[in-house]
Protein chains: 2
Amino acid sequence: MLPAGEPKFRRRKADRPGEILAAALAVFAERGFAAARLDEIAARAGVSKGALYLYFETKEEIFRAVVGQMIAPNMLAIRAMVAAHPGPLPDLLRAAGARIAALVDVAPLGAVAKMVIGEARNFPELARVWHDELVVHALGALTDAVAAAQARGEVRPGDPRTFAIQLVGPILMGVMWRETFVPVGAEPFDLPAVAHQHVETMIRGMAA
Amino acid sequence: MLPAGEPKFRRRKADRPGEILAAALAVFAERGFAAARLDEIAARAGVSKGALYLYFETKEEIFRAVVGQMIAPNMLAIRAMVAAHPGPLPDLLRAAGARIAALVDVAPLGAVAKMVIGEARNFPELARVWHDELVVHALGALTDAVAAAQARGEVRPGDPRTFAIQLVGPILMGVMWRETFVPVGAEPFDLPAVAHQHVETMIRGMAA
DNA sequence: TCGTAATAACTGACCGGTCAGTTATTAGTG
DNA sequence: CACTAATAACTGACCGGTCAGTTATTACGA
């Protein structure tokens, strides 16, 4: 009756949290917070639902952990990128554009961004963390770089924070396009190509 | 016990659907589809929950109606705008930028857009309608205008559809910013100002 | 007084969270 | 090394609350 060699489960305390979060990321990204079922997360993690509660208190805490996971590594990447290009703004923009497009093109960063946007109303404190710890810094770094370039006379007058939005907007649009309309048959965009063309356009458009 | 003159309800078959959809739009925009309660929609429409089912079959149908409602009038606005500016691209862009920013700045269009994005995975056919009947035409019109300007030698080479995304992206970003981060304490953007600066930047950046 | 808009009480499915019991693993004993 | 006791990871049936959708009944208008 009972399968001889095959044990019913294994005890792998150290690995579970990571596996659960990976499964949760996938399910949350597919269904959104409310429609995500803990049973499905558990099944994909190869675990029973009860086991989830050995590692996390509530569904919300799992969600928080998934989102929080994305923050630290990306902050490091941003800081490194800005630090690596203290010179003329076009250098920074070309490097950053390519890097960010590549990042967002494969990583689950785009899916998480969409979740944060989608669930912001029901989890304001989550939007706050994402904003305070990632978005503000990223946009701030870009704003500072633009302002510095203006001070150097490289960039024409204009609100630097607005220039930052102008720079980032199309990437966000591309991600939302991919997450929203491509699954429904829309023509996809080549994100790195969009980033490249946009950076070149912005460099010309911002020139003093 | 029963209030003398005040009738408990009135029969207003003709007005109900509109009132229900207005209430539903508000609640869906505030909470998202899953977290929206039919009891709350009914209460805001000044009606009992059962009454909703006299006019709509399911919660989904109400949602569909709310989203569908946004399509026709905006399509007309887009067609009119493009038709009004057959000449040089900058004229069209300046007019369209101001108009769209104003539209999105007050109308519930932004809220609905966010809902479509947020619920796309759970209601693919809704994303499809929104895409096929609104987004494709809007982006297509913009793409055609850019391509025409390229043919006239006004605009430098580059993928016209990508130029269209570049043009629209920052507006979408501004809307998402308002809907996601401003309620959480983020510094808001002046959308019309962003649109203006972006249009001017893009005009320079796209020039042949 | 008849037809129906509208209500309000009701139902049943669903799902987050719990917990008593099961099983893999480790530590202890001779 | 074998056997067993002790531990803790893990399971899965279950419970209670919630809420979309239904229905028996009421009240308005003609």
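Here is the naming used below: chain letters follow the sequence lines, and residue numbers restart at 1 for every chain.
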Would you mind classifying the nucleic acid contact of Tyr55(A) as base, sugar-phosphate or nothing, using non-hydrogen atoms under 4.0 angstrom? sugar-phosphate

Which of residues 40-47 of chain A have a heavy atom under 4.0 Å from DNA chain D? Val47(A)

What distance do Leu93(A) atom CG and Met202(A) atom CE have between them, rounded to the nearest 0.5 Å? 8.0 Å

Hey, does Pro124(B) have a side-chain heavy atom less than 4.5 Å from the side chain of Pro183(A)? no

Looking at Glu200(B) and Arg204(B), does any basic side-chain N land under 4.0 Å from a carboxylate oxygen? no

Can we say Glu179(B) and Arg121(A) salt-bridge, meaning some charged N sits less than 4.0 Å from an Asp/Glu carboxylate O? yes

In whole angstrom, give the distance that lies between atom CD of Glu61(B) and atom P of dA20(D). 16 Å

Does Arg12(A) put a side-chain nitrogen or oxygen below 4.0 Å from OP1 or OP2 of dC10(D)? no

Under 3.5 Å, which donor-acceptor pairs do the side chains of residues 25-33 of chain B form with other protein atoms, sequence neighbours left out?
{"unit_1": "Glu30(B)", "atom_1": "OE1", "unit_2": "Arg44(B)", "atom_2": "NH2", "d": "3.0"}
{"unit_1": "Glu30(B)", "atom_1": "OE2", "unit_2": "Arg44(B)", "atom_2": "NH1", "d": "3.3"}
{"unit_1": "Glu30(B)", "atom_1": "OE2", "unit_2": "Arg44(B)", "atom_2": "NH2", "d": "3.3"}
{"unit_1": "Arg31(B)", "atom_1": "NE", "unit_2": "Glu40(B)", "atom_2": "OE1", "d": "3.1"}
{"unit_1": "Arg31(B)", "atom_1": "NH2", "unit_2": "Glu40(B)", "atom_2": "OE1", "d": "3.2"}
{"unit_1": "Arg31(B)", "atom_1": "NH2", "unit_2": "Glu40(B)", "atom_2": "OE2", "d": "3.2"}

What is the ring orientation for His131(B) with Trp177(A), classed by angle as parallel under 30°, tilted 30 to 60°, or perpendicular over 60°? perpendicular

Treat primed atoms plus P, OP1 and OP2 as sugar-phosphate and everything else as base, then score nucleotides 12-18 of chain C 5' to 3': B for base contact with protein heavy atoms under 4.0 Å, S for sugar-phosphate contact only, - for none. ---SBBB

Before you tell me yes or no, could you show the steps for Glu61(A) and Arg64(A) under salt bridge (Lys or Arg N to Asp or Glu O under 4.0 Å), namely the whole-Å CA-CA distance, both residues' side-chain angles and the distance that decides it to 0.1 Å? CA-CA 5 Å; Glu61(A) 199 202 311; Arg64(A) 264 188 281 273; over 6 Å; no

What is the separation between atom CG on Leu52(B) and atom P on dC19(D), rounded to the nearest whole Å? 15 Å

What's the CG-P distance between Leu54(A) and dA24(C), to the nearest Å? 16 Å

Tell me: CD1 of Ile20(A) to P of dA9(D), nearest whole Å? 12 Å

Does the side chain of Tyr53(A) come within less than 4.5 Å of Leu38(A)'s, by heavy atoms? yes

